[in-house]
Amino acid sequence: MRPPVEVSVFLLSLLAPGVLYTMNNIPALQEPLPILGMGMVVLGSFLLLLLLTLPNKMKVDPLFYVFAVLSLPCMVGLTNALEQSGFISAFMSFYLKMGEPHLSAAYAVMMSYWEGVVHFALFLAIIHRMFKGKSYRSLGLLWAGSSIAHQVVLIPGVVIGKYGSNIRPAFWKNVPLFLVPFWAASLLFSRPTEMPVITADKIAAEQNKGLLSRPVDLLLSLLLAGAMAFSVFRGFVVLDCPLDVCFTYIYQYEPYLKDPVGFPRVMMLVYLFYGLPLLTVFIYGLRTPGCSWMLDWTLFFAGAMAQTQWCHIGASLHSRTPFTYRVPADKWWPVITLNVLLAAAPALLALRCHINAAYFMKPVPKGQTQNDKKKN
């Protein structure tokens with residue numbers, strides 16, 4: 001009897017730490033090109049073993065291979081996080097030296113924890129639902145937002161930061177890891193949105209309410225407006241705005257923004273040029289009935305913001321960040337509170353959209369509700 005597919009993926013992913021431990025003890029495999037070659041061989045072998053575990057002649061969703069294969073880098077990430085935190089040893093030292101030195105940075109450690117725990121759990125849940133014939137689109141969109149944000153910050157951050165002068169061949173494996181989530185996201189967005197069944201009367205009743213009659217939406221709009229202001233402000237800060245308030249903030253409140261690793265600077269620019277427009281259209285969606293796209297894009301954005309803020313908050317407090325770039329102890333509460341709210345606002349918005357989606361459903365034509373029919 002074959003085990004469930006998600007169990008097979010989990011067990012096969014456990015090969016990653018064993019491969020890393022072996023390579024860490026074989027000098028011939030510790031050069032830049034052999035590291036890249038071994039990575040390709042291991043991924044190919046993993047895929048072959050995975051195919052052997054699938055039931056014969058089963059029609060498989062193409063995204064299964066994406067989620068299954070990416071579970072292997074997740075386990076590598078978790079191994080890195082545990083070793084950098086001192087829980088294990090003798091797995092990653094060769095890879096940090098000749099593969100991807102940036103993985104020793106505080107931001108990368110937090111990123112590795114997220115990848116090894118959150119992404120891996122999402123993959124297993126998605127694969128479980130996939131082979132049970134259940135919808136996994138919402139979980140997939142959460143992962144897509146998180147994964148794209150991960151790579152959008154990681155790759156430019158390494159190139160422009162202090163690790164840019166020490167890029168090894170293994171780093172370029174991140175290019176396909178950057179492209180694959182975009183392809184997966186395009187497939188997920190092209191599939192029908194999971195619309196709840198709601199009566200026409202309830203839709204009409206919700207959509208006839210103004211923003212002031214919806215206190216939750218009003219509060220969310222204010223939170224999103226605050227997130228917009230904070231994103232613009234920190235974007236100006238990392239662009240070396242000469243205003244006194246910017247100078248005071250970066251030196252007295254959040255010095256991590258000037259850490260030479262490059263990741264915080266890239267993240268603030270991503271927020272400014274990509275997050276800001278999305279926050280704007282979300283406020284529009286809360287004010288305009290019938291914006292059904294809110295159900296998908298809020299999930300995508302919530303995944304992205306949760307991932308980036310987890311890494312940013314963790315790295316700004318982490319012992320691997322030089323002391324001069326950490327959040328000062330006397331400014332800890334205001335800075336962390338603002339950053340937590342920045343992550344919480346998109347998550348709360350996505351939750352609101354899915355708990356009560358009536359306002360975002362397509363408007364009901366006049367005369368189609370039960371009340372209108374009774375009047376007629």
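Hydrogens, waters and symmetry mates are skipped; everything else that's a heavy atom, side chains included, is used.
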Exercise. Going through the distances and angles, do Val152 and Thr308 end up as a side-chain contact (heavy atoms from CB on, under 4.5 Å)?
Worked result: CA-CA 10 Å; Val152 164; Thr308 50; over 6 Å; no

Exercise. Can you tell if the side chain of Pro264 reaches within under 4.5 Å of the side chain of Tyr107, non-hydrogen atoms only?
Worked result: no

For this session: Run the numbers on Lys162 and His102 for side-chain contact (heavy atoms from CB on, under 4.5 Å), then give the verdict.
Result: CA-CA 9 Å; Lys162 71 176 186 180; His102 65 271; over 6 Å; no

For this session: Determine yes or no for a side-chain-to-main-chain donor-acceptor pair under 3.5 angstrom, with Arg137 supplying the side chain and Arg191 the backbone.
Result: yes

For this session: Please check if the side chain of Asp259 supplies one atom and the backbone of Pro255 the other of a donor-acceptor pair under 3.5 Å.
Result: no

For this session: Could you tell me whether the side chain of Arg287 and the main chain of Leu211 form a donor-acceptor pair under 3.5 Å?
Result: no

Exercise. Below 4.5 Å, heavy atoms only, C-beta onward: do Val237 and Glu254 meet side chain to side chain?
Worked result: no

Problem set entry | Rounded distance (nearest 0.5 Å) linking atom CE of Met110 with atom OG1 of Thr321 | 10.0 Å

Exercise. Taking all non-hydrogen atoms of both residues, which atom of His318 and which atom of Ala106 are closest, and how far apart?
Worked result: CB-CB, 3.6 Å

For this session: Measure up the Phe131 and Phe64 rings against each other and bin them: parallel (under 30°), tilted (30 to 60°), perpendicular (over 60°).
Result: perpendicular

For this session: First locate atom CZ of Phe91, then atom OG1 of Thr79, and finally report the distance between them rounded to the nearest 0.5 Å.
Result: 6.5 Å

Seminar exercise, completed: Given the options Phe300, Trp293, Phe182, Phe189 meets ring pair (Phe, Tyr, Trp, His ring centres under 6.0 Å) only with Phe300

Problem set entry | Steps toward salt bridge (Lys or Arg N to Asp or Glu O under 4.0 Å) verdict (Glu100, Lys173) | CA-CA 10 Å; Glu100 296 185 83; Lys173 71 174 177 56; 3.2 Å; yes

Problem set entry | OH-SG distance between Tyr359 and Cys291, expressed to the nearest 0.5 angstrom | 7.5 Å

Exercise. Counting only heavy atoms not in Lys202, do more than 12 fall under 6.0 Å of its NZ?
Worked result: no

Exercise. With side chains defined as the heavy atoms from C-beta onward, is the minimum distance between Asn166 and Arg168 less than 4.5 Å?
Worked result: yes

For this session: Answer yes or no: is there a side-chain heavy-atom contact under 4.5 Å between Met267 and Val238?
Result: no

Problem set entry | Within one Ile-Leu-Val-Met-Phe-Trp-Tyr cluster: Met23 and Leu33, side-chain cutoff 4.5 Å | no

Exercise. Any side-chain heavy-atom pair from Arg352 and Val216 closer than 4.5 angstrom?
Worked result: yes

Seminar exercise, completed: d(Met92 CE, Leu82 CG) to nearest 0.5 Å is 10.5 Å

Problem set entry | Test side-chain contact (heavy atoms from CB on, under 4.5 Å) applied to Ser13 and Phe123, step by step | CA-CA 12 Å; Ser13 299; Phe123 289 153; over 6 Å; no

Exercise. When you look at CG of Asn208, are more than 12 heavy atoms from neighbouring residues, nucleotides or ligands closer to it than 6.0 Å?
Worked result: yes

Problem set entry | Within 6.0 angstrom of Phe236 CZ, more than 12 heavy atoms from elsewhere | no

Exercise. Are Phe263 and Cys311 close enough that some pair of their side-chain heavy atoms sits under 4.5 Å apart?
Worked result: no

Exercise. Taking a hydrophobic cluster as the set of Ile, Leu, Val, Met, Phe, Trp and Tyr residues connected by side-chain heavy atoms closer than 4.5 Å, whether directly or through intermediates, do Leu348 and Leu218 fall within one such cluster?
Worked result: no

For this session: Please name the pair of heavy atoms, one in Ala345 and one in Leu223, separated by the smallest distance, quoted to 0.1 Å.
Result: CB-CB, 4.2 Å

For this session: Check the hydrophobic clustering (I, L, V, M, F, W, Y; side-chain heavy atoms under 4.5 Å; chains of links allowed) and say if Leu49 and Val42 are grouped together.
Result: yes

Exercise. Is it true that the NZ or CZ of Arg234 lies under 6.0 Å from the centre of Tyr271's six-membered ring and within 45 degrees of the ring axis?
Worked result: no

Exercise. For the side chain of Arg265 and the backbone of Lys258, is there at least one donor-acceptor N/O pair under 3.5 Å apart?
Worked result: no

Problem set entry | Cluster check Met40, Leu20: I/L/V/M/F/W/Y, side chain < 4.5 angstrom | no

Problem set entry | Heavy-atom closest pair, residues Leu342 and Phe230 | CD2-CD2, 4.1 Å

Exercise. For residues Tyr136 and Asp61, is any side-chain donor paired with an opposing acceptor at under 3.5 Å?
Worked result: yes

Seminar exercise, completed: Heavy-atom closest pair (Leu142 atom, Leu299 atom, distance to 0.1 Å) is CD2-O, 3.4 Å

For this session: Ignoring hydrogens and angles, tell me if any N or O in the side chain of Gln207 forms a donor-acceptor pair with the backbone of Met361 under 3.5 Å.
Result: yes

Problem set entry | Least distance between heavy atoms, Pro328 atom then Tyr253 atom | CD-O, 3.5 Å

Problem set entry | Atom pair CD1/CD1 of Ile203 and Ile198 - distance to nearest 0.5 Å | 5.5 Å

Exercise. Does Gln309 reach the main-chain N or O of Asn339 with its side chain, forming a donor-acceptor pair under 3.5 Å?
Worked result: yes

For this session: Quick one: do Trp143 and Val118 satisfy side-chain contact (heavy atoms from CB on, under 4.5 Å)? Show the steps, please.
Result: CA-CA 9 Å; Trp143 163 78; Val118 178; over 6 Å; no

Exercise. If you take all heavy atoms of Glu206 and Ala358, which pair is closest and at what distance?
Worked result: CG-CB, 3.7 Å

Exercise. For atom NZ of Lys132, is the number of surrounding heavy atoms from other residues, nucleotides or ligands below 6.0 Å larger than 12?
Worked result: no

For this session: Quick one: pull up CD in Gln307 and NE2 in His312 and give me the separation to the nearest 0.5 Å.
Result: 12.5 Å

Exercise. Side-chain heavy atoms under 4.5 angstrom apart, residues restricted to Ile, Leu, Val, Met, Phe, Trp, Tyr: same cluster for Leu341 and Leu278?
Worked result: no

Problem set entry | Under 3.5 Å donor-acceptor, Ser190 side chain and Leu187 backbone | yes

Exercise. With a 6.0 Å cut-off on ring centres, are Tyr249 and Phe233 close enough?
Worked result: yes

For this session: With the side chain counted from C-beta on, respond yes when Leu63 and Ile126 share a heavy-atom pair under 4.5 Å apart, and no when they do not.
Result: no

Exercise. Where does the angle between the aromatic ring planes of His119 and His150 fall among parallel (under 30°), tilted (30 to 60°) and perpendicular (over 60°)?
Worked result: parallel

Exercise. Are any of the side-chain heavy atoms of Val340 and Thr337 separated by less than 4.5 Å?
Worked result: no

